[in-house]
Amino acid sequence: MTPSASTAAALPALDVAGRIDHLRALFPEAGIDALFVTRLVNIRYLTGFTGSAGLLLVGPDEVLFVTDGRYKDQSADQLAAAGVPARIEISGTEQKRIVHDAAQATGYGRVGLEAHGVTWSQQRGFASEWFPAAELVATEGLVEGLRRVKDPGEVARIRAACGIADTAFANVAGHLADRPTELEFGLELEFEMRRLGASAMSFEPIVAAGPNGAKPHARPSDRRIGPGELLVLDFGCIVDGYCSDMTRTVSVGDPGPEARRMYEVVLESQQAGRDAVRQGVEAAAVDKACRDVIAEAGWADAFLHGTGHGVGLEIHEDPRVSATGRGTLAAGYVVTVEPGVYLTGIGGVRIEDTVVVTPDGCDVLTASPKDLVL
Ligand code: ZN
Ligand code: ZN
């Protein structure tokens with residue numbers, strides 16, 4: 001369809017080739033000679049490979065990529081296009097032997113595993129059969145740490161996904177007057193994002209009206225969206241692997257004074273959070289900026305989740321923007337700011353933008369208007 005073709009054509013190339021060297025620079029501190037990358041999203045980040053099965057062994061000087069016959073041509077094409085100089089091995093049944101022999105030949109003493117992406121049984125197999133001569137080391141978030149800072153090509157994809165979500169919302173918002181069910185409206189949003197060129201949804205859209213909105217992650221139901229009800233809409237789509245994420249809360253007609261007050265407080269909180277985002281600021285300070293406004297209004301206990309999260313190849317990734325989130329924000333991080341107030345039996349308000357952290361503030365990628373009453 002024309003829109004997707006034009007979206008893809010306008011995207012700058014991703015800068016993949018240097019990522020493996022950035023990863024290797026982390027090996028000494030992690031105490032490893034090689035990293036066995038098994039999380040597919042990390043393999044995609046490091047190599048440009050988008051298939052559904054693959055293994056990547058990154059050594060100090062060499063890279064081994066293993067996949068099965070379904071991806072023989074695709075892996076060769078994608079790794080070459082990304083400029084990743086890996087030895088590619090294709091096998092459905094001999095993967096263990098291939099990795100084992102490569103590790104033996106190069107004599108890695110300490111091989112890192114991605115601790116949060118490996119099951120207990122996998123670890124046992126890796127230790128006894130895949131890398132019997134090596135010491136396995138549990139590593140945490142090495143590739144995820146690199147993924148926090150987005151390069152211009154990545155930001156362009158997230159921006160494109162945000163733009164599609166904005167346009168889709170503008171195109172279908174008028175249909176709310178026809179009183180669709182939550183499921184029907186979620187489907188409309190999804191269809192419109194796909195029609196505009198999204199390859200998939202970042203997650204199933206949240207369409208939560210009236211009391212359902214009091215559950216931050218409500219699933220759309222067959223309940224009709226009534227006039228004057230608070231309606232929480234949280235949705236996003238994927239462009240070339242990269243996600244968008246946005247929440248708007250609206251009402252078809254006047255929702256009444258309490259709902260309007262909830263909305264004003266969350267709007268002020270969200271603005272305070274956005275104002276706090278800047279390179280060098282503690283992630284927890286952004287959370288506090290949002291939380292203070294809501295606490296001031298007497299709803300401290302009704303803000304049921306953290307303020308935000310990183311967005312990229314995954315819809316929820318590092319860094320976490322929460323009271324317990326450690327570390328500071330750096331330029332190039334893409335994070336959400338999404339405070340909310342949830343009152344059981346009444347409903348919820350959440351407002352969320354996806355922003356890029358800059359040296360002196362942030363660049364807001366989600367541009368839909370923030371008018372409560374449609
Ligand atoms: Zn969201
Ligand atoms: Zn979010």
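In this text the structure is predicted, and so the values were computed from the model without any measurement. Note that ligands are numbered from 1 as they come in the structure, with each ligand's atoms numbered from 1 the same way. Atoms considered below: every heavy atom in the structure, side chains included; atoms not considered: hydrogens, waters and symmetry mates.
At least one donor-acceptor pair closer than 3.5 Å links the side chain of Arg224 to the backbone N or O of Arg179. A distance-only check finds no donor-acceptor pair linking the side chain of Glu182 to the backbone of Pro220 [under 3.5 Å].
Atom OD1 is the N, O or S atom of Asp234 at the shortest distance from the Zn ion (ligand 1). For the Zn ion (ligand 2), the nearest N, O or S atom contributed by Glu338 is named OE2.
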Salt bridge (charged side-chain N to carboxylate O under 4.0 Å, His left out) between Glu62 and Arg87, worked out | CA-CA 8 Å; Glu62 56 289 307; Arg87 174 159 73 91; over 6 Å; no
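Within the 4.5 Å cutoff, the side chain of Cys243 has heavy atoms near those of the Ile238 side chain.
With 2.8 Å as the limit, His309 counts as an N, O or S neighbour of the Zn ion (ligand 2).
Here Glu352 contributes OE1 and Asp245 contributes OD1, and at the Zn ion (ligand 1) these two atoms make an angle of 90°, given to 10°.
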